[in-house]
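Worksheet: one structure, shown below.
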Amino acid sequence: MKARRFGRIINTGSTFAMTGSPAMSHYAMAKGALTALTRSWARELTPFGITVNTVSPGLVETPMTRGDLSPEHLKAIVAGMAIGRTIKPEEISYVMAWLASREADAMTGQNISPNGGQAIVGI
């Protein structure tokens, strides 16, 4: 990437880095560290034309999600989401595709969180 003077690094984070989660402190900590790494790499690599960002999805509708959460727990999480539903996998892929495109040349060192309002954070 450095030799070509162009590249995209897109890390996968989690809303847990922004909200925390009971009994998941180790996971939230790791995802928070990934966000810090993204910011540091952005400062280090952007001069070489390499952008570095993190995408931190909210609750995505997957077989794993359905298997890991009871219907009651899933309903409670969705109730706290502004859009009132889980995130579709393709909604995450749209964000990733945009970050990988030339349209996102000015986007670096950011944590973008398509989470349907599960976590609303300011600057």
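Residues Glu91 and Val60 form no side-chain contact, since every pair of their non-hydrogen atoms from C-beta on lies 4.5 Å or further apart. Considering only heavy atoms from C-beta on, Ser56 stays 4.5 Å or farther from Asn115 through its side chain.
Summarising the geometry of Gln118 relative to Met81, their closest heavy-atom pair is CB-CG, 3.8 Å, with the distance given to 0.1 Å. Of all heavy-atom pairs between Pro57 and Gly13, the closest is CD-O, 3.5 Å. For Ala17 against Gly32, the heavy-atom pair with the smallest separation is CB-N, 3.6 Å. Between Phe16 and Ser21, the shortest heavy-atom distance links the atoms CZ-OG, 3.6 Å.
Between the side chain of Arg5 and the backbone N or O of Ile50 there is no donor-acceptor pair closer than 3.5 Å. Judged by distance alone, the side chain of Lys31 and the main-chain N or O of Thr12 form a donor-acceptor pair under 3.5 Å. Using modelled atom types, no side-chain atom of Thr86 and backbone atom of Leu59 make a donor-acceptor pair closer than 3.5 Å. Checking side-chain atoms of Thr46 against main-chain N and O of Ala42 turns up a donor-acceptor pair under 3.5 Å. Between the side chain of Thr108 and the backbone N or O of Val52, at least one donor-acceptor pair lies under 3.5 Å. No donor-acceptor distance shorter than 3.5 angstrom exists from the side chain of Asn53 to the backbone of Leu99, with no hydrogens or angles considered.
Looking at Thr35, Thr38, Thr15 one by one, the single match for side-chain contact (heavy atoms from CB on, under 4.5 Å) with Asn111 turns out to be Thr35.
Other residues, nucleotides and ligands contribute over 12 non-hydrogen atoms within 6.0 Å of the CZ atom of Arg66. Annotation: His73, atom NE2; neighbour count of heavy atoms from other residues, nucleotides and ligands within 6.0 Å does not exceed 12. For Glu90, the CD atom sits in a packed shell: over 12 heavy atoms of surrounding residues, nucleotides or ligands are nearer than 6.0 Å.
Side-chain heavy atoms closer than 4.5 Å link hydrophobic residues (I, L, V, M, F, W, Y) into clusters, and following such links, even through other members, never connects Tyr27 to Ile87. Hydrophobic clustering of Ile, Leu, Val, Met, Phe, Trp and Tyr side chains at less than 4.5 Å, counting indirect connections, unites Met1 with Phe48. Under a hydrophobic clustering in which Ile, Leu, Val, Met, Phe, Trp and Tyr are joined whenever their side-chain heavy atoms come within less than 4.5 Å, directly or via other members, Leu45 and Phe6 fall into different clusters. Leu37 and Met18 fall into different hydrophobic clusters, where Ile, Leu, Val, Met, Phe, Trp and Tyr side chains are chained together by heavy-atom contacts under 4.5 Å. When hydrophobic clusters are built by joining Ile, Leu, Val, Met, Phe, Trp and Tyr residues whose side-chain heavy atoms come closer than 4.5 Å, directly or via intermediates, Leu34 is not grouped with Ile92.
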Check against side-chain contact (heavy atoms from CB on, under 4.5 Å), Arg102 and Asp105
CA-CA 5 Å; Arg102 293 306 305 250; Asp105 280 354; 3.0 Å; yes
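Taking CE of Met107 as the reference point, atom CD1 of Ile10 lies at 11.5 Å (rounded to 0.5 Å).
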